[in-house]
Every structure is written in C-alpha cells, then in structure tokens.
Amino acid sequence: MSLPNKFEPKVSEKLIQDIWETNETYKWDANSQTEPFIVDTPPPTVSGSLHLGHVFSYTQTDIVTRFQRMIGKNVFYPMGWDDNGLPTERRVQNFFGIKCNPNVKDQESFQLNYNFDPKKDQILEVSRKDFIAACVELTTKDEVAYEAMWRRLGLSVDWNETYSTINAHSQKISQLSFLDLATKNQVYNLESPTMWDVDFQSAIAQAELEDRERPGAFHDLKFQMESGEEFIIATTRPELLPACIAVVAHPSDERYQKFFGKTAITPLFHAPVPVLASEHAEPEKGSGMMMICTFGDINDVQWWKQSGLPIKQVINLQGIIRPITFGEDAFLSQNPDLANKNYQQLTGLYLKQAQKKIVELLASPESSVDGKSAALVGEPKTITHSVKFYEKGDRPLEFIPTRQWFIKTLDHKEALLEQGMKINWHPEHMRVRYENWVKGLNQDWCVSRQRYFGVPFPVWYPINALGEVNYLTPIYAEIKDLPVDPMSQVPPGYLESQRGQASGFVGDPDVMDTWATSSMTPQLASHWGTDEKRHKKLFPANIRPQAHEIIRTWAFYTIVKSWQHSGEIPWKDILISGWVLDPERKKMSKSKGNVITPETLFDEYSPDAIRYWTAKARLGADTAIEEAVFKMGGKLCTKIFNASKFVLMQFERIGLNIKDYNLSDVNCELDRALIANLQSVITESSKSLENFEYTTALKLIEDAFWDFCDNYLELVKVRSYQDEDNAERKSAMAALAWSLKTFLKLFAPYVPYVTEEVWQESFKDASHPAIHKSSWPTVDEANTVLKPSYAMAYTSATEVISKVRGVKTASQKSLKWEIAELNISCSIEAKQALESVINDLRQAANVKDQGLIFSPSSNQAGNLEITVILSESWGQ
RNA sequence: GGGCGCUUAGCUCAGUUGGUAGAGCAAUAGCCUUACAAGCUAUGGGUCACAGGUUCGAGCCCUGUAGCGCCCACCA
C-alpha cells in the first residue's frame with residue numbers, strides 16, 4: 001500500500017485504463033432492476049479527427065454520467081459513429097482521389113490508393129459499390145482512432161454498446177422509421193422546385209441553409225409594354241431574364257395601375273409576360289416593379305405556385321444554362337430568331353459567366369425592346385447582400401424542380417412545440433431557439449439526397465406498360481427484408497430482369513439525409529422495432545447532450561421522429577454545451593483544431609487537467625482555450641495526490657491499514673468540524689450534480705479540499721505525527737481516512753485518473769475494485785451533527801493560524817519560526833471553542849510553552865483580537 | 001426587422017432567495033515548512049457597461065440606452 005514518491009500521470013494512464021477495462025466498470029447491466037440512467041450520446045461525425053470542441057462537450061457529459069453511476073444508477077452510455085453522409089463522402093474523395101459515378105462498372109479486386117497526391121494523381125471514377133466500400137474502409141480506420149482518444153480522455157462509455165450510422169442495424173431502423181411514417185401517412189414524394197446544391201448534386205433541407213454575405217449588383221433593366229410605354233425593373237440576377245414569367249408591382253402602386261392585366265415585353269428575348277399586382281412588391285424598392293423568374297429565390301417559388309403560370313427552367317442540375325428554344329412551349333417570344341440568337345450566347349455557361357455575358361448583351365445600344373437604346377440603364381450598382389448556401393457548399397443554392405421525399409412537419413408545429421415543453425432544457429433559455437425554429441418552419445423536411453454513401457429508401461416504383469414510372473404508388477419493402485438496397489435488390493413479386501422495363505420497376509436511387517438516421521439515435525441504441533424488451537428499458541433516454549447550433553437539426557428532428565413514431569419525447573433532459581473559442585474568441589474551427597490537438601494537450605498536461613478545464617465551464621457557456629486553467633487542473637491533481645500520500649503515510653508509519661478506520665474514534669472538536677463541513681459539501685454538491693450543475697459542485701468540492709489541505713492538515717499534523725496511537729491520534733486518523741475517501745469520491749467524476757490511482761493504493765477492495773464501482777458519499781456515513789461549537793473551533797483556529805502566517809510572512813520569517821507570545825483576546829464562547837483545539841493550534845503555530853495567552857474581551861462572539869510576538873531566534 | 005445571451009480586478013470567470021464585492025492566473029514581497037519548491041505564505045488591485053426607477057438597502061429586481069456574441073426572418 002503505497003503511492004509513488006512523485007505524481008506522474010503519464011506513467012499510470014494506461015494501467016488505469018486497463019483497470020477500468022478488466023473490471024467492466026462501465027458496463028450496462030441488462031438484467032438489473034435498478035433505476036437506469038440513459039445517455040443519448042452524440043455520434044461524432046467520422047471525417048478526420050476529433051478536436052478540442054469534442055473533448056469539451058463529451059467530458060461534461062461524462063462528469064454528469066459518472067456521478068449518476070456513483071449514486072447507484074444503472075448507466076447506459078453507448079457510443080455511435082456518424083459515418084454516413086456528405087462529410088464522409090467528401091473526405092473519402094479527397095483521401096483516395098476517387099469519385100462516385102453510378103454508371104461505372106464495379107472493379108475486380110479494387111485497391112485503394114493510400115498515397116493519393118492531388119497534385120500528381122488523377123481523380124478516378126468508381127462505381128457506387130466500390131465507392132461505398134472505400135467509405136467503409138476509411139471510416140472504420142477513423143473509428144479506431146476515435147475510440148482510442150475517447151478512452152484516453154477517460155469517457156466512461158460502455159464499449160460493448162457501439163454502433164455506426166451506416167451499419168446494417170442502423171440502416172434497418174432508419175428504413176423501418178421511413179416505412180412507419182409511410183404507414184402513418186407522414187411522408188410523401190413530390191416533384192417541385194427544391195433547394196439544390198449544384199456541386200453536391202443534391203437537394204438539401206431548410207435546416208441546412210446558411211446565409212453568407214456576397215457581393216452583388218442591382219441592374220436596372222428597361223422593359224416595354226405592348227403599347228410601347230417603358231418601365232424599369234431592378235434585379236440582382238439578370239441572367240434569369242430568360243426565365244422571367246411575369247412582372248409585378250404592389251396593388252396600391254399608382255404608377256403601375258394602368259399596366260395591370262396587360263402584357264409587357266422582356267428585352268433580348270421579347271417574351272410577352274403579364275403585368276400583375278402582388279403584395280410581394282414594395283413600392284419603395286427600386287422602381288417598385290419586380291420580375292418573377294423561375295426561380296431566383298423562395299419568393300419566386302411561392303409566387304409561382306399561386307400563379308398557375310408555366311415554369312421556364314433555364315438552369316440545369318449542374319448550374320449551367322441549358323439549351324432551350326424560344327418560340328416553343330413555355331418560351332413564348334415575339335421575335336424568336338432574335339431571342340434564340342441572344343440565348344445561344346448564354347447556353348452552356350455557368351451562372352456566373354452567364355451573368356457577365358447577359359450584362360454585356362443588355363448594355364449593347366440596341367438591346368431594348370424597340371431596338372433604339374440599351375436595355376441596361378446606367379451602371380450596375382454594387383451591393384453586398386446575403387445569399388443562401390448549403391452550409392457545407394461552395395456555390396449559392398438554386399431552386400430547381402426535382403422529385404424529392406418529404407417528411408411532414410408543417411402540419412405539426414403545435415404538437416412539436418408541446419413536445420419541446422415537456423423536455424427540460426439546460427440552460428433553460430435554449431428552449432427558445434427550438435421554439436423559434438419550429439415557429440419559423442416554412443418547408444416540410446426534405447429527406448432525400450442524391451448521394452451514395454447513406455441509407456437507401458426502402459422503395460421501388462412500378463413502371464406501367466407505356467414505360468412511365470409511377471412515383472405516386474411506390475412499392476414499399478417488407479419489414480422482414482430490411483435493410484434493403486433497392487438498386488441491387490428486387491421488390492416482392494418482381495424479377496431482376498424487370499428492372500427498368502415496361503411493366504417492371506425501378507429502385508429509388510437516392511439515399512436519406514444523414515439526419516434521418518441520426519434523428520433515431522435513441523432508438524438505434526434501444527433497438528426499437530427489433531428488440532422490444534430492450535427498447536422498453538432504454539427509451540426514452542435521460543439525457544441528450546449536444547451543441548446549440550444543431551438544435552434546429554439534431555434536436556428538432558429527433559423530437560419529430562420520436563413524436564411521430566410513438567407520441568413520446570425522446571429524452572427527459574437536454575444538455576446544451578457551449579463552444580470552444582480560440583484565444584481570439586472565435587469558434588474553434590477544424591483548421592485550428594488541428595494545431596492544438598487533444599493528444600498534444602494530454603501529453604503536455606494530462607487528461608485529468610483537460611477534463612478539469614471542461615468542468616469549469618457551465619452548460620451553454622462558450623469558453624476560451626485557457627492554458628492557465630489546464631495548469632490549475634494539473635495542480636489540483638498533484639495536490640490530491642500529495643495530500644493522499646500524506647494521509648496514507650500516517651497509517652503506514654505505524655503499520656495500520658487505512659481501510660480499518662473507525663469513525664466512532666472521532667472525539668476532537670476540530671475533527672468533528674471537518675466531518676460536519678464535508679457533510680454539507682456532500683449534500684450541496686449532490687444537489688447541484690443532480691441538476692447537471694457540475695461547475696457549481698466542483699467549486700464547492702474544490703474549496704473544501706483546499707481548505708482541508710491549507711488549514712486542517714496543518715492543524716492536525718502534529719497530532720497525527722505522534723508515535724503513540726492514543727485516543728487523540730485515533731480521532732485524527734479516522735477523520736483523515738474518512739475525509740480522504742470522501743474527497744476522492746467527490747472528485748472522481750471530474751478527475752478519474754488521479755482519484756483511481758489513489759483508490760487503488762488505499763480503499764480498493766474486492767467489492768470496490770475501482771473507484772467508479774464505489775458509491776457516492778452520503779451524509780449518513782458520518783452521521784455527525786454540526787454543532788455551533790465545532791464550527792467555531794474550526795473557524796477560530798483557522799483565523800488564528802492565518803493571522804500567525806501573516807505576521808511571520810511580513811517579518812520575512814519562515815512559517816516554522818517560533819512565537820514567544822500569542823495573545824488572543826476574545827469572548828468566553830470563542831475561548832471555550834479554541835481551548836478544545838488548543839494543542840493543535842499551539843503546535844501548528846509553533847508557540848513557545850506558556851506562550852499562548854487568552855484575555856477576556858467584550859467583543860462579539862466571533863471577533864478575535866490577536867497579537868503575535870515572535871521569538872528572537874528559531875527556538876529549539 | 002424579431003428573439004436570446006453576455007458586459008464584475010490587467011486576463012479568464014464565480015457570485016444561491018436583494019444584506020459589508022470573490023477565485024484562479026498574472027503582478028509584487030517573502031519562505032528549504034518531516035504530503036507537496038511542478039510547493040507554500042502574504043500583499044496590492046473593482047464607480048459590478050451606462051442612465052433612471054423600486055427598496056431602509058441593488059452586482060442581483062423593473063425600465064431604457066450602448067457595445068459584443070449568437071439564433072431566426074427579410075433581402076427585385
């Protein structure tokens with residue numbers, strides 16, 4: 001039973017991990033009847049490496065969870081890997097230099113290029129199957145590295161309970177969810193203008209939108225009425241002029257009343273378009289007249305839906321101006337030859353180039369409708385405006401008509417707000433963000449993505465005898481067959497040979513939004529739909545820890561799914577963590593994260609020290625990376641170690657075992673005061689931790705511990721150094737043992753390594769082989785009532801010792817310097833209290849024999865007047 | 001434009017129901033003290049963003065203002 005002389009966290013790190021592992025310290029007990037505590041762990045996105053932001057929020061969860069385990073809950077703490085979706089595809093593309101092309105054939109014995117160099121090597125197009133295999137290979141490797149880092153951080157995860165969002169289990173549940181929603185009539189597919197990312201070649205959802213400030217310009221364009229009168233419209237998107245379907249002004253705008261119901265002609269394309277009244281147009285903006293194009297923005301889409309006018313689609317899925325012919329179909333023109341001549345100059349151009357080109361055309365002197373002037377009036381006026389982007393995209397979103405699957409949300413706003421009210425939000429004000437989001441929804445959840453590495457829709461579509469695909473009567477997979485891949489599997493009752501044939505079928509080629517799967521994390525962990533007995537035990541979860549920027553996605557979608565499937569809330573409490581900010585107070589970014597990796601910090605400080613830093617930040621509070629706090633954490637751990645060493649040494653010296661202490665030996669006021677104080681620390685910190693206020697609890701524990709080291713240990717030292725094991729020493733030893741054990745347990749959720757290291761050398765026994773197999777301290781253990789006299793003894797003694805230190809320091813003397821006379825003037829009560837600790841006090845202060853003098857005072861009970869006269873020399 | 005949060009010592013932050021402003025770091029001055037010099041002791045440092053109000057009393061409650069951060073919406 002002994003600790004190493006020096007505290008070296010690195011030496012014991014691995015050993016301690018092994019202890020946790022071999023004792024199955026964090027294993028969920030499937031058969032236990034005790035109250036569970038279920039964590040809906042965020043599955044980190046597997047696309048590179050974990051950074052300090054992850055360490056921050058996951059540790060906060062771990063602290064809460066370790067506490068719950070110690071108070072006796074049957075903790076279920078799984079770990080998932082979110083490896084499906086765009087981030088993974090993008091990483092795989094860049095890592096191996098491959099790109100998915102569904103039309104390419106599978107390769108035999110496909111070898112991935114681990115040494116891909118973007119400067120030298122060409123991008124290789126591979127089949128869907130090969131691409132998915134590459135995704136699986138790389139994410140599997142990443143997941144190994146992630147697990148190692150989580151273990152090092154000391155997350156008390158049950159590593160038997162892991163899943164990945166792309167594995168068969170997750171695919172099955174994700175598809176099951178889709179089928180359940182189909183049965184409940186909560187999903188539909190629809191061909192309609194949808195937000196489209198031209199680079200990713202996929203639809204995206206409202207929740208993935210991001211506004212970005214971009215330079216733009218107002219272009220004033222001259223239109224003409226059929227009757228010959230001219231007017232001006234202002235537009236930031238002149239390249240959409242060929243897609244103009246109408247021009248509108250506000251109904252009350254007097255300038256344009258005379259035009260309403262008549263026809264205007266567009267420049268360059270001579271397209272006749274109706275002039276209509278619309279509330280959309282604001283008279284004060286520009287000329288008060290605006291053009292409606294298919295489609296410049298969401299307003300155009302909404303307006304078009306009401307108007308019944310045909311679509312003029314000029315942009316293709318790649319963001320390129322597609323070939324069309326004026327004079328045909330919707331593209332009416334009063335001068336098709338001229339229109340086509342102009343349009344041909346735009347065909348094949350990317351939107352940006354097309355804009356440049358059309359501005360040139362509009363600026364030419366004969367571009368107006370009557371051919372007498374330029375249609376572009378004046379110079380374009382440059383502005384900065386916000387433009388909608390896919391949050392992971394590089395070019396602005398376009399609205400392009402495509403067929404997509406949607407999950408109904410707009411019909412359920414009220415119910416979803418109610419569900420939000422049933423959940424406890426920490427901090428409380430984060431609920432408002434959820435509510436704002438729900439209230440502001442304007443589209444159902446677009447859940448299909450035209451990507452490859454994801455969960456397929458369990459859906460085929462029948463083809464009629466004419467070869468037309470019928471999207472409105474999909475063939476759903478049977479539940480027993482899940483998971484299915486409709487691109488390689490055949491729907492019930494069909495043959496593979498019928499794929500793509502008249503009277504046959506086609507598989508849905510799309511995959512689901514990655515959130516469609518991760519919104520099921522509570523059910524993925526509980527095995528919803530596949531193991532009802534287990535699901536009953538593990539659903540709903542107790543806590544959902546997550547970051548605030550994904551309230552509108554992860555939290556929202558999880559609440560949606562849970563409500564639609566079973567009418568329940570997915571978890572009782574949601575814990576919103578803050579952001580890690582770099583020293584310039586900017587959000588920790590991936591590039592910055594790579595500079596300061598968690599491993600670097602673990603090496604330089606210790607996992608415990610980093611954990612301490614995370615524990616100093618409250619939920620929801622953004623926190624700067626602060627080296628000073630890492631240092632503090634390190635110092636605290638050293639202190640815990642050294643104080644433990646001191647206590648253990650006192651037992652060793654006279655051959656006693658620290659486990660054999662007996663609290664009934666405690667008979668000194670000072671020792672009773674210590675125990676009584678710690679009791680209130682236990683009560684208060686437990687209350688805070690139960691409410692997820694781990695920061696408040698830590699402060700209480702820490703303050704008590706530093707006081708224990710600075711004051712109690714100093715006072716009790718001389719008594720405990722006695723060689724004779726008499727009653728007063730026994731009292732000290734029992735108090736020391738119990739308080740050390742208590743402090744170790746109180747600190748254990750925060751700094752598991754150092755507390756475990758000490759535990760192994762002190763209180764470990766067969767039924768408590770690890771500190772996290774021991775129980776949280778309770779007040780009953782000590783059963784000491786705090787009497788006013790204890791408190792007074794303790795605080796008065798502390799006050800005296802503090803005064804003595806002040807005098808010695810001011811005289812630049814060692815704290816060991818002898819005191820010739822210590823005169824304490826105080827009330828009768830204070831005197832009585834101090835007399836009970838007089839020996840401890842006299843020796844700790846090193847007062848000469850007979851040098852401690854009390855004199856009466858009429859002061860208030862607590863007020864002490866202390867005079868110190870130092871000896872001329874050291875003393876003996 | 002709507003909403004939420006923040007503003008306390010040089011820095012990073014605590015501050016319970018209103019009752020004499022706190023910690024760590026940094027700075028300064030010291031100390032080999034039988035757990036700890038990677039330690040310890042002490043000292044200095046604040047008009048609690050600003051302006052009103054309620055109250056015997058406001059960092060805390062109310063109203064307004066400003067700055068910072070974030071969420072949402074609008075944006076021809």
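Because only heavy atoms are used, hydrogens play no part in the values below, and waters and symmetry mates are left out as well, while side chains stay in.
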Task: Atom-pair distance (CH2 on A:W706; C1' on B:C40), nearest Å - done: 10 Å
TODO: Find the distance A:E8:CD to B:C36:P and express it as a whole number of Å.
DONE: 15 Å
- [ ] State whether the number of non-hydrogen atoms from other residues, nucleotides or ligands found under 6.0 Å of A:E391 atom CD is greater than 12.
- [x] yes
For [X], side-chain hydrogen bond (donor to acceptor under 3.5 Å, both in side chains) partners two or more places apart:
X      : result
A:E279 : A:H250
A:K813 : none
A:T638 : none
A:S688 : none

Indicate, with a heavy-atom threshold strictly under 4.0 Å, whether [X] touches base, sugar-phosphate, or nothing.
X      : answer
A:E714 : base
A:K388 : base
A:W613 : nothing
A:R552 : sugar-phosphate
A:C293 : nothing
A:D710 : sugar-phosphate
A:E282 : base
A:K285 : base
A:L815 : base
A:T235 : sugar-phosphate

TODO: Check each of A:Y750, A:F747, A:Y753 against A:D608 using the side-chain contact (heavy atoms from CB on, under 4.5 Å) test, and report the only one that passes.
DONE: A:Y753
TODO: Can you check each nucleotide of nucleotides 17-26 of chain B against protein heavy atoms at under 4.0 Å and return B for base, S for sugar-phosphate only, - for none, in 5' to 3' order?
DONE: -------SS-
Open item on the list: At under 4.0 Å between heavy atoms, how does the protein contact nucleotides 2-7 of chain B? Give one character per nucleotide, 5' to 3', with B, S or -.
Closed with: -SSS--
When you compare [N] with [M], how far apart are their [atom1] atoms, in angstrom units rounded to a whole number?
N     : M     : atom1 : value
B:A58 : B:A21 : C1'   : 13 Å
B:G44 : B:C61 : C1'   : 34 Å
B:A23 : B:U41 : P     : 13 Å

List for me each residue that meets ring pair (Phe, Tyr, Trp, His ring centres under 6.0 Å) alongside [X], sequence neighbours excluded, and say none if there are none.
X      : value
A:Y712 : A:F708
A:F7   : A:F641
A:F602 : none

TODO: State which of B:U41, B:U33, B:C40 makes the closest approach to the side chain of A:S814.
DONE: B:U33
Task: Given B:A73, B:C75, B:C71, the nucleotide with the shortest approach to the side chain of A:S386 - done: B:C75
Open item on the list: With a 4.0 Å limit, can you tell me whether A:K639 has a side-chain N or O closer than that to the phosphate oxygens OP1/OP2 of B:C40?
Closed with: yes
TODO: Kindly indicate, with the supporting measurements, whether the criterion salt bridge (Lys or Arg N to Asp or Glu O under 4.0 Å) is fulfilled by A:K639 and A:E702.
DONE: CA-CA 11 Å; A:K639 199 75 177 176; A:E702 221 183 341; over 6 Å; no
Task: Between A:Q650 and A:R653, a side-chain donor and acceptor under 3.5 Å - done: yes
TODO: Would you kindly say whether A:S12 and A:E757 are connected by a side-chain donor-acceptor distance under 3.5 Å?
DONE: yes
TODO: Select from A:Q650 and A:E284 the residue whose nearest nucleotide in RNA chain B is closer to the 5' end of that strand.
DONE: A:Q650
Task: Side-chain donor/acceptor contact of A:T638 with base of B:C36 under 3.5 Å - done: no
Task: With sequence neighbours excluded, residues passing side chain to side chain contact (heavy atoms under 4.5 Å, CB included) with A:A271 - done: A:T266, A:K312
- [ ] For RNA chain B, just give me the dot-bracket, please: Watson-Crick or G-U, both distances below 3.5 Å, ( ) intra-strand, [ ] crossing earlier pairs, | paired with another strand, . unpaired.
- [x] ((((((((.[[[[.)...(..]]]].(((((.......))))).....[[[[[..)....]]]]])))))))....
- [ ] Could you check which residues of residues 206-221 of chain A get a heavy atom under 4.0 Å from RNA chain B? Sort them by number, please.
- [x] A:Q206, A:D211, A:F218
